[in-house]
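What follows is one structure encoded as structure tokens, with my remarks underneath.
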Amino acid sequence: MEQKLSKAYEPHDVERKWYQMWQTSGYFRADENSKKPHYSIVIPPPNVTGVLHMGHALNNTLQDILCRWKRMSGCEVLWMPGTDHAGIATQNVVEKQLDNEGRDRHAIGREAFVARVWQWREESGGQIIQQLKRLGASCDWERERFTMDEGLSTAVREVFVRLYEDDLIYRANRLINWCPRCHTALSDLEVEHEDKQGHLWHLRYPVIGSDRFMIVATTRPETMLGDSAVAVHPEDERYQDLVGKKVLLPLVDREIPIVADEYVDKDFGSGAVKITPAHDFNDFELGKRHNLEEINIFDESGIVNENGGPYFRQERYEARANVVADLENRGLLAKVDSYENAVGECYRCKTVIEPYLSLQWYVKVGPLAAEAIKAVQQGDTRIVPQQWEKTYFEWMYNLQDWCISRQIWWGHRIPVWYCAECDELTVSRENAEVCSHCGSAAISQDTDVLDTWFSSALWPFSTMGWPEQNETLNKFYPTSCLVTGFDILFFWVARMMMMGLKFMQDVPFKDVYIHALVRDALGQKMSKSKGNVIDPLHVIDEYGADAFRFTLTSFAAMGRDIKLSTERIAGYRNFCNKLWNASRFALMNLENFDPSGIDLNELELSDADRWILTRLEETIRQTGQALDGYKFNEAASTLYAFTWHNFCDWYIEMAKDDLYGDDRQARQRVQNVLFTVLEQLLRLLHPFIPFITEEIWQVLPGERPCETIMQAEFPDGAGLPTDTVGAERMELVMEVIRAIRNIRGEMDVPPGRQVAALLNCKSGRSQQILEEGSAAIRVLGKVGELTIGQSLAPPEQSATQVAGDVEISLPLAGLVDVAEEEKRLQKEIAKVQKDIDLFAKKLSNEKFVANAPAHVLEKDHGKLRDAEEKMAVLQESLGKIQALK
RNA sequence: AGGCACGUAGCUCAGUGGGAGAGCACUACCUUGACACGGUAGGGGUCGGCAGUUCAAUCCUGCCCGUGCCUACCA
């Protein structure tokens, strides 16, 4: 008994052993000087704070499949790995640590804080990289990058300065999304909108010089402290006489005008709107049109400032309660309705966003977006699946300028210096010492850092050494494919497109493959708070990385989310085990087998051989096509079906007879085919399940052409002796076996018991095929006495089935009772009758016959004929059976 | 409000203008010398509803119902 492989596949040691070998031997390394065609992918850099979650696992499994496949297909592959400094997220992590120590970042100061973040990154930032390795990711780790690396920081500065010089970066005082907890501006994308149940308060503002009141409705009554007008629609008859008059703003007793503006919806509420330019985006715009005062009533923590009169120093919700109570006491609260509206929250800490007036840096995206749109329209970059193109365009056309300054400490500091003497700006690639305008040394750098996504946008070329021109960029830019989830299509993909086109004059990637989101078994997003997270590392521990990868791949159908549960993973663990055991079987029967120098084309192959080789060639073709089209699930199911249902269920079972028999030549022939199929199958499967395939491949008999399966060629089917006619012949044998098994199963014949069978063939061809396949029929059908011929008379008492033009009869006597067989036959007859009815009806339809294409007609005629022939045999048998009763 | 998906076997999902598929679950039988993480056989679906195009619709078109997601400045 062969001792090379254990009885069941045990992934742990295998995974560790081979990953280490691959990495230390440098098989993941990309050579920019290679003459081979290039293939490159940049990893979507996970946050340095991150731990591997299902999304990463899927994302990186797919990338690894592509990279391993391309590497085996003769490409020089660069898979560029790295991590993202994740400004706000990382700062929050370290701030939390400080908080646990009873300190905050202001107490230790900027420099110490940043040093502390770096220290944290050194200690625990590499976690996710180690986890990617557990998954089998074949990244070129020697090139690992971090967005805060010196090189990438240089690229960030270069880009900032050049955009500034091209008037594509500017500074403006506007309303921005402000997180009162993170104390920073956020871009529009970093705000998540969620519908929340709240209230709509209707407030009464007294009109000056009149006894009338304007009723205004608001979801945020505290902002009335900053109101600078009440607006109505210009054509609203109710208020025609009031426009131009003033109301007295309650509580703070300020006089504010009543203005007319088209923005107001006459039919909503009272038709009058309170206008707070400093705290609402619409009001801000309206305020600009009417030249209204912008009164900021909050500080950066969302606490009422000195403009809030009596509410000074109250937190915003506290102020809200007090404002409402005070208004009510004065009879100025008309009514309160329940109201649901969308509230903006910080995407990092979920704090409710405050629209806040402040001076920030912006990227003017218009000209950049125009190029990014054009590139996709022209097909320079292809988005797969294509449906996402529409989403991409939709967003690109409606793009607002991008707020890139963040009031945090962890990130790329904005390379702008302000002069205390001449008030001019110095924008510089190097750290500035003196003002570029007046030469004064009294300059200070902007305290803000850049949005994390600013550096991410440069990732495809900054990681390759840009702004330096080098061979890596020449060879590997633009990248071949970007694999990512749709959740960062805007955050990241769109911005890489803009920056790549601007600075490399070429798209950053030829293809963008957008994959699904991984959800839990109930279809909910996995999150810590819901407690429904499946940890990929636990999955790998329990089922092995290969089973996990194959599961994800099998579910990675386009355009649908993946609902993952551990039961599903077990199924693919079983698949790995099946492959393992099939390999064990092969190895046991390949002892002393030497695969060298034998050409399958020179062997006298059996129909079974021809069949499996033909199926293999088909599988190779289908797998390649599926991968070409990013149809990962199709590739996976093709391979699954071939491995299990063709190779294991049929070929191995049929091979046993020859392997165990005395015919040395037959044995060698089968060994050759068995070896060939298994060896190629392992190579086909390697991109998907790299560990187990390496482990088996390494112990195959004979000399290996290279040290690792990673370097072996991906099968292309060339040289395989395919033979569709031979394969069809085998199908008849298989059909006969299935028919015999069907009778046995239906009639409850014990599996161990042999039966006699009589195969009555209508053609000499069938007879000849079955005679050749008789060994398989005997073994797989558990047939003892086997009679094959033409015009045979079946025994009086027998069970009958039909396969093609072959009538199969198993003598009943002593096996089963007549009633059972009658039942079985009637069931079978009912099935066939359904077919006959269907096709007879179709073919008697004149319109169908007149219009349907010839091949359809021919096929249906054939099917009707087959069904009728089958019916005749079954009816005859039924008659005989009934006669016995 | 707009946009995009989705609705197929008990569950999770593939799929195609020409007789409905897989995995899991289920039923029966089987420790046969690769594998019980296994084998063989079997049951199970008016392919969301209603119209239309077509010789032919689960697939194309329209409407409706239901479910998700994304984008959006209606207080």
Side-chain angles (χ1 to χ4, degrees), chain A residues 1-2 5 7-9 188 193 200 216-220 223 231 263-265 267-276 280-286 339 341-342 355 387-388 390-391 394-395 398 486-487 489-490 517 519 521 523 525 543 547 554-555 557 559-565 567-568 570-589 633-634 637 640-641 645 648-649 652-653 656 660 738 741-752 779-780 782 834-835 838-839 842 845-853 855-857 859-860 863-864 867:
Chain A
M1 172 96 169
E2 181 64 59
L5 303 181
K7 188 168 174 180
Y9 175 56
D188 295 341
H193 295 272
L200 190 62
V216 295
T218 179
T219 52
R220 303 197 50 202
T223 62
Y263 155 72
V264 180
D265 178 357
D267 301 323
F268 187 90
S270 64
V273 192
K274 62 188 276 303
I275 302 298
T276 322
D280 182 281
F281 289 99
N282 293 310
D283 295 6
F284 181 78
E285 295 298 321
L286 192 147
Y339 196 72
N341 69 333
Q387 69 201 50
W388 289 105
K390 198 164 178 179
T391 312
E394 195 69 26
W395 190 72
N398 297 309
F486 60 81
D487 49 334
L489 181 63
F490 305 140
L517 246 43
R519 299 173 178 280
K525 215 167 173 173
Y543 299 98
S554 299
F555 282 97
R560 199 195 282 252
D561 289 345
I562 299 174
K563 291 184 197 163
L564 193 75
S565 69
E567 295 93 79
R568 288 177 226 302
Y572 291 98
R573 185 264 325 265
N574 296 353
F575 172 72
C576 291
N577 197 54
K578 189 75 180 174
L579 176 67
W580 181 257
N581 277 294
S583 304
R584 285 180 66 220
F585 170 82
L587 288 168
M588 285 178 195
N589 290 287
N633 61 315
E634 277 183 25
S637 69
Y640 183 102
H645 301 308
C648 293
D649 287 351
I652 285 184
E653 292 307 323
K656 283 176 180 172
Y660 298 153
R738 276 193 214 100
R741 284 169 166 180
N742 170 261
I743 296 174
R744 296 182 58 113
E746 293 275 288
M747 308 302 273
D748 283 333
V749 178
V779 174
L780 301 189
K782 288 271 164 52
K834 257 171 84 179
D835 287 355
L838 181 80
F839 290 107
K842 259 177 110 171
N845 183 339
E846 284 172 28
K847 286 182 180 170
F848 172 68
V849 177
N851 290 296
H855 73 273
V856 173
L857 283 172
K859 210 175 92 190
D860 285 0
K863 282 176 174 170
L864 180 59

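Chain letters run A, B, ... following the sequence lines, proteins first and then strands; every chain starts at 1.
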| request: Go through the structure and list residues passing side chain to side chain donor-acceptor pair (under 3.5 Å) with Glu634(A), not counting sequence neighbours. | output: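 For Glu634(A) there are no side chain to side chain donor-acceptor pair (under 3.5 Å) partners, ignoring immediate neighbours.
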| message | For Tyr572(A) and Tyr640(A), I'd like to know if the aromatic rings sit close, meaning centre-to-centre distance below 6.0 Å. | response |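 Ring-ring flag for Tyr572(A)/Tyr640(A): true, centres closer than 6.0 Å.
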Taking any heavy-atom pair under 4.0 Å as a contact, classify [X]: base, sugar-phosphate, or nothing.
X: Lys7(A); answer: sugar-phosphate
X: Thr391(A); answer: nothing
X: Asn589(A); answer: nothing
X: Ala582(A); answer: base
X: Phe268(A); answer: base
X: Cys576(A); answer: nothing
X: Ile275(A); answer: nothing
X: Lys859(A); answer: nothing
X: Glu746(A); answer: sugar-phosphate
X: Val264(A); answer: base
X: Tyr263(A); answer: base
X: Arg741(A); answer: sugar-phosphate
X: Asp265(A); answer: base
X: Tyr339(A); answer: sugar-phosphate

| field | Interatomic spacing from CD in Glu285(A) to CD1 in Ile275(A) - rounded to 0.5 Å | value |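 Answer for the CD-CD1 pair, Glu285(A) versus Ile275(A), is 11.5 Å.
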Sort out the partner of [N] for me: Watson-Crick or G-U wobble, both distances under 3.5 Å, none otherwise.
N: G66(B); answer: C6(B)
N: U71(B); answer: A1(B)
N: U31(B); answer: none
N: C26(B); answer: G42(B)
N: A51(B); answer: U61(B)
N: G21(B); answer: C13(B)

For [N] versus [M], give the span between their [atom1] atoms, rounded off to a whole number of Å.
N: G7(B); M: C59(B); atom1: P; answer: 12 Å
N: G15(B); M: G21(B); atom1: C1'; answer: 7 Å
N: C11(B); M: G44(B); atom1: C1'; answer: 13 Å
N: G17(B); M: A57(B); atom1: P; answer: 14 Å
N: C30(B); M: A20(B); atom1: C1'; answer: 31 Å
N: G45(B); M: A5(B); atom1: C1'; answer: 24 Å
N: C69(B); M: A75(B); atom1: C1'; answer: 27 Å
N: G3(B); M: G62(B); atom1: P; answer: 13 Å

Under 4.0 Å from OP1 or OP2 of [N]: is there any side-chain N or O of [X] that close?
X: Lys390(A); N: A5(B); result: no
X: His645(A); N: G23(B); result: yes
X: Lys274(A); N: A75(B); result: no
X: Asn574(A); N: G38(B); result: yes
X: Tyr572(A); N: C24(B); result: no

Counting N and O atoms only, with roles assigned by atom type, does the side chain of [X] sit under 3.5 Å from a partner on the main chain of [Y], one being a donor and the other an acceptor?
X: Asn398(A); Y: Glu394(A); result: yes
X: Asn742(A); Y: Arg738(A); result: no
X: Asn633(A); Y: Phe555(A); result: no

| query | Hey, is the side chain of Glu653(A) pairing donor to acceptor with the base of A34(B) inside 3.5 Å? | reply |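 Flag set: donor-acceptor pair detected.
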| request: Using only heavy-atom distances, decide whether a donor-acceptor pair under 3.5 angstrom links the side-chain of Arg568(A) to the base of C24(B). | output: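 No, no donor-acceptor pair under 3.5 Å.
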Indicate yes or no: at least one non-hydrogen side-chain atom of [X] is less than 4.5 angstrom from one of [Y].
X: Leu864(A); Y: Lys842(A); result: no
X: Leu838(A); Y: Lys863(A); result: no
X: Phe848(A); Y: Val856(A); result: yes

| To the side chain of Asn845(A), which of A75(B), C55(B), A34(B) is closest? |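 So the side chain of Asn845(A) is nearest to C55(B).
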| request: Choose from U40(B), A41(B), A34(B) the nucleotide whose nearest atom is closest to any side-chain atom of Asp649(A). | output: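 Nearest listed nucleotide: U40(B).
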| task | Can you tell me the distance, in whole Å, between the CG atom of Asp283(A) and the C1' atom of A75(B)? | result |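 For the pair Asp283(A) CG and A75(B) C1', the rounded distance is 8 Å.
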| Atom pair distance, as rounded to whole Å: CD in Glu285(A) and C1' in C74(B) |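 Whole-Å distance recorded here is 15 Å.
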Identify each atom pair where a protein N or O and an N or O of nucleotides 28-33 of chain B are less than 3.5 Å apart, giving names and distance.
none

| task | Quick one: closest heavy-atom pair of Ala582(A) and Ile652(A), and the distance? | result |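 So the minimum-distance heavy-atom pair works out to CB-CD1, 3.8 Å.
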| field | Nearest heavy atoms of Lys578(A) and Cys648(A), plus distance in Å | value |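 Taking every non-hydrogen atom into account, CE-CB, 3.7 Å.
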| query | RNA chain B: Ser270(A) or Asp188(A), which has the more 5' nearest nucleotide? | reply |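 Comparing both residues, the 5'-ward one is Asp188(A).
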| task | Tell me which of Val856(A) and Phe490(A) sits closer to the 5' end of RNA chain B, going by the nucleotide each one is nearest to. | result |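 Closer to the 5' end of RNA chain B: Val856(A).
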